[in-house]
Amino acid sequence: MAGQTDPHISLFSPQEVEFMAEDEMVEIVPNMNMDPLNFIAGDYGRFVPQIPTQVPLWLAVALKRRGKCTFRPPAWLSVDNLTQVLEAEREPQSKFQPLPSGYIEIARLLFDHARDDIPDMYMVKSLVEDIRDVRLHKLETNLGTFGADTTAVKMNNVSAMEVNLVRPFVIRALEAFYKHDKPERDADRDARSSSSSSSRQPPREANNEPRRPLRQR
Amino acid sequence: MAKYYDIDDILTEEEFAPVLFHKPANGVTIDPSAETNSVEQGAKVELPFWLAHELHLRQAVSIYLPACFDQKTRLEIQADAACVDLRSRCPYFYELGCKLQPLVTDRTIGILLSTAFKIRYKERLTKVFTATHLTASKFLPFLTIEEANLYEAANLSMTAFKKWRTGGPRFQRASILGRKRKES
């Protein structure tokens with residue numbers, strides 16, 4: 001298989017995933033007056049002091065670095081919400097909790113640039129790290145359940161960075177399982193079809209790492 | 001043939017497999033212990049797999065399992081598949097097994113390979129993401145080439161992620177600008 005010996009199978013670097021996560025809208029509070037800005041991505045409206053405005057994250061970071069605004073932390077980045085999410089993640093056998101797809105990247109950008117705008121910053125930071133660790137462990141146990149019958153894998157609520165982390169590994173692992181367990185499956189299928197009850201197993205549900213909706217312009 | 005130029009495939013087929021000759025062969029110095037330049041009918045010789053495969057197609061030989069698939073390895077795999085040192089037995093354990101499977105009369109190879117792979121995968125390879133570098137790399141010399149590929153894929157993306165996480169300059173200086181030009 002070509003993929004087996006290809007050393008550069010990783011398709012996206014973490015920086016590229018971060019770049020794509022910067023398209024999320026966040027709320028800022030500007031401290032200056034500015035006319036609407038026109039970009040290819042869209043127009044971002046008048047900036048009036050002390051009036052909260054929605055802008056993409058990349059623009060917000062740029063404004064913040066020039067000292068022209070302060071961040072309003074997004075709703076999911078509060079201590080209460082994160083504690084709740086962490087408790088739910090730590091439940092045994094629980095699924096992945098719904099979190100914004102770019103939560104790791106957004107959190108990191110905000111910590112780097114907007115320390116003073118987030119209340120209890122260190123607490124929030126450690127909570128995000130804990131959540132990340134727990135989800136990674138859960139992802140790992142999920143990967144361990146692959147077998148010969150794994151034609152497709154479906155996991156809900158996995159964030160973009162986590163998907164990118166396991167992508168090359170999962171591709172190669174599924175290829176390897178297909179190659180090795182094929183004879184076992186063929187033998188099984190022969191045995192089953194030769195017996196009287198020959199009802200085929202229904203095919204597994206469609207493959208989906210969660211798709212991000214394309215942005216409508 | 002998609003794998004004709006694949007280096008791993010070429011190296012896999014270099015592995016030796018014992019064969020039993022059905023027809024005598026003249027003018028070949030395969031058997032080091034024979035005095036003459038020929039192989040007699042009924043002789044058991046170790047040939048590289050690509051040669052054994054071709055001769056098998058011409059029904060000149062019949063292939064047996066190489067030593068790396070013998071009873072000793074099977075017992076070790078049954079005992080604890082995760083710790084068996086497959087690389088010293090045969091670095092292309094799985095690939096060779098897959099190739100041998102249709103040619104050899106032994107039907108149990110497929111199951112042996114798949115159970116070994118499944119257990120080793122679950123125990124070792126899935127741990128790459130969360131374990132520290134030391135624990136995960138301790139078993140690196142035991143993995144076959146194929147498993148090492150999987151390990152490397154996981155390792156690369158994990159190190160890239162960790163490096164990104166510790167931060168660093170967003171913009172990197174292009175390497176082409178690195179060298180200072182001498183003012184002539």
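Quick caveat: nothing in here was measured; it's all calculated off a predicted structure. Each chain gets a letter, A, B and so on, in the order its sequence line appears, and its residues count up from 1.
In this structure, the portion of Tyr121(B) lying under 4.5 Å from any heavy atom of chain A is its side chain and not its backbone. For a residue to count as touching a neighbouring chain, one of its non-hydrogen atoms must lie under 4.5 Å from one of that chain's; by this rule Glu129(A) touches chain B with the side chain only. Contact of Leu139(A) with chain B is not made at all, since no heavy-atom distance falls under 4.5 Å.
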Practice prompt. Show your working on ring pair (Phe, Tyr, Trp, His ring centres under 6.0 Å) between Phe93(B) and Phe69(B) and close with a plain yes or no.
Written response: CA-CA 9 Å; Phe93(B) 191 74; Phe69(B) 295 100; 4.9 Å; yes
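A salt bridge links Arg89(B) to Glu76(B): one of the charged nitrogens lies within less than 4.0 Å of a carboxylate oxygen. Between Asp9(B) and Lys99(B) a salt bridge is recorded (basic side-chain N to carboxylate O distance below 4.0 Å). Checked for salt-bridge contact, Arg74(B) and Asp70(B) miss the test: no charged N lies under 4.0 Å from a carboxylate O.
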